[in-house]
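Single-structure report; data block below.
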Amino acid sequence: MIQKPRGTRDFLPDEMEQRRAVEKRMRDVARCWGYREVCTPEFEELELFTARSGEGIIEEMYVFEDKGGRMMALRPEITAAVQRMYLNEARVTPKPLRWCYFADCFRYERPQKGRYRQFWQFGVELIGADTPVADAEVIMLARDLLQSSGVSFSLHIGHLSFMKALLSDMDVKEQRILMRYLDKKDHEGLKSHLGRAGRAELGSSLLALLECRTLDEVIGITGKIPEYERIEETLGLLDDMDIRYSLDPGIARGLDYYTGMVFEAFADNLGAENQILGGGAYRLAHLFGGDEVPSSGFAIGFDRVMVSLGDSEGETERVVGIVYTPDTRTYALRAARAFREAGLRTETDIMGRSIGAQIAHASKSAQFVAIIGRRERESGTVTLKNLDTGDQRELDLSTAVREVVTSGPRG
RNA sequence: GCCAGGGUAGGGUAGUUGGUUAUCCUAGGGGACUGUGGAUCCCCCGACCCGGGUUCGAGUCUCGGCCCUGGCCCCA
């Protein structure tokens with residue numbers, strides 16, 4: 001038999017309902033913050049992604065040549081595409097732009113728990129704002145979104161200026177290597193690299209920086225940096241709004257287009273793949289040939305959030321089963337229409353089953369059955385039976401519909 | 001790309017000193033039961049991941065591959 005591609009998943013209705021429920025809560029939060037949804041193509045010109053991350057990431061992407069000989073890639077993330085979209089379509093839109101997305105991405109990687117080749121991200125981008133309160137807004141929104149999902153997490157906030165202050169006299173390439181070591185918390189690798197570069201004296205201050213948990217401690221190591229006041233203001237806002245976070249000067253976020261504030265979130269109950277959110281302030285537009293625009297944003301690893309939430313039982317939807325005899329089929333279908341017009345999930349027999357078998361089948365998912373025979377058809381009624389209580393009454397069709405609508409969901 | 005552990009009906013399983021028709025539960029379909037449900041009973045459907053090797057004979061042993069799970073690497 002044909003199997004699904006490696007690293008992809010099928011979702012049955014129960015799981016889809018859980019995912020949609022979480023997705024809906026996130027959408028509602030984003031909407032309340034004024035972030036409106038955008039959508040970009042599933043695939044883009046390969047160059048959109050290599051311009052930013054280098055040729056190396058081709059190995060980790062789904063890349064193909066289309067029939068016109070153009071090199072394309074399934075999007076491995078959304079931020080670059082949104083920036084391209086901004087440059088293409090929305091450069092003159094009043095700032096700031098508050099956008100969000102919920103979309104699937106593709107990466108050609110070794111699958112494991114919480115890591116798939118097709119995965120979904122819920123993300124936001126705030127374009128054209130470059131203030132302390134903009135930084136704070138994005139972080140507060142990140143917190144609200146994760147909170148709405150019900151996941152248990154911790155939020156870590158850093159700023160690239162801390163490391164850069166200590167590394168300011170080194171060239172950019174060297175900085176990048178060292179920041180990579182710091183991000184990975186690879187102390188030995190860091191020390192030996194510094195030793196080879198003849199800068200062993202930096203080791204202790206860099207490692208001490210990783211241990212800092214307050215801005216004052218950081219400044220004690222880096223000295224007063226130009227960004228100090230801005231960072232203090234952002235963190236102060238978060239404190240005033242009772243946002244719980246840890247200051248983590250070790251966050252480097254691998255990429256060089258991040259410019260200032262960076263942050264990550266981790267699920268409390270996941271193993272190796274426990275990062276469920278990452279983001280920060282960045283500049284990207286120049287790479288795509290546009291005027292620079294300060295932006296910030298983040299993406300939530302939606303699948304990891306779902307793994308963290310585990311198998312929780314979704315709300316049971318009210319279901320009505322229409323049970324009827326063969327000679328009342330048309331009346332039964334009209335009755336079903338009336339229940340559906342009231343917004344109820346309504347199912348009718350299409351298997352030619354007996355009355356008893358229809359009820360038996362309906363009772364697996366439904367809370368109500370409307371039983372219809374010749375008598376009900378003649379009088380324009382249905383016999384509404386509550387399968388939870390066993391009560392049943394013959395009611396006018398419209399009364400029966402109202403009865404179910406006002407009954408409220410089960411359990 | 002690396003390491004470890006796994007793959008038997010849709011789901012969960014038994015079967016490993018190699019031996020007839022591969023066990024049980026559950027789910028699904030039908031019936032007992034054509035105007036009243038989840039019980040019960042009966043019937044049906046349905047599996048050894050793929051390929052090579054050893055053997056008279058492989059679910060079982062062996063090799064390779066694929067896939068899953070966990071970890072490493074990576075993680076935009």
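Quick caveat, the model's predicted, so the values are computed rather than measured.
Looking at A:Gln392, its side chain comes within 3.5 Å of the base of B:rU36 through a donor and an acceptor atom. A donor and an acceptor atom sit less than 3.5 Å apart, one in the side chain of A:Arg115 and one in the base of B:rC74.
Within the nucleic acid shown, A:Thr383 comes within 4.0 Å of at least one base atom, counting heavy atoms only. Contacts of A:Gly7 with the nucleic acid, taken as non-hydrogen atoms under 4.0 Å apart, involve only primed sugar atoms and P, OP1 or OP2. Note on A:Arg9: nothing from the nucleic acid sits closer than 4.0 angstrom, heavy atoms only. Note on A:Gln358: nothing from the nucleic acid sits closer than 4.0 angstrom, heavy atoms only. Residue contacts shown for A:Ile57 include a base, since a base heavy atom lies under 4.0 Å away. Within 4.0 Å (heavy atoms only), A:Gly278 reaches no atom of the nucleic acid at all.
For B:rA76, the OP1/OP2 oxygens have no side-chain nitrogen or oxygen of A:Arg75 closer than 4.0 Å.
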Identify all side-chain donor-acceptor contacts of residues 298-309 of chain A below 3.5 Å with residues at least two apart in sequence or on another chain.
residue: A:Asp303; atom: OD1; partner: A:Arg9; partner atom: NH1; Å: 3.0
residue: A:Asp303; atom: OD1; partner: A:Arg9; partner atom: NH2; Å: 2.9
residue: A:Asp303; atom: OD1; partner: A:Arg19; partner atom: NH1; Å: 3.2
residue: A:Asp303; atom: OD1; partner: A:Arg19; partner atom: NH2; Å: 3.1
residue: A:Asp303; atom: OD2; partner: A:Trp120; partner atom: N; Å: 2.6
residue: A:Arg304; atom: NE; partner: A:Gly114; partner atom: O; Å: 2.7
residue: A:Arg304; atom: NH1; partner: A:Gln275; partner atom: O; Å: 2.9
residue: A:Arg304; atom: NH2; partner: A:Glu273; partner atom: OE1; Å: 2.6
residue: A:Ser308; atom: OG; partner: A:Asn269; partner atom: OD1; Å: 2.7

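We find that CD1 of A:Ile372 is positioned 18 Å from P of B:rG37, with the value rounded to whole Å.
Taking a pair to require two hydrogen-bonding distances under 3.5 Å in either a Watson-Crick or a G-U wobble arrangement, B:rA4 pairs with B:rU69.
Partner A:Glu376 forms a side chain to side chain donor-acceptor pair (under 3.5 Å) with one of A:Thr325, A:Thr383, A:Thr381 and no other, that one being A:Thr383.
With salt bridges taken as basic N to acidic carboxylate O contacts below 4.0 Å, none links A:Arg110 and A:Glu60.
B:rG59 and B:rU21 have their C1' atoms separated by 15 Å, given to the nearest Å.
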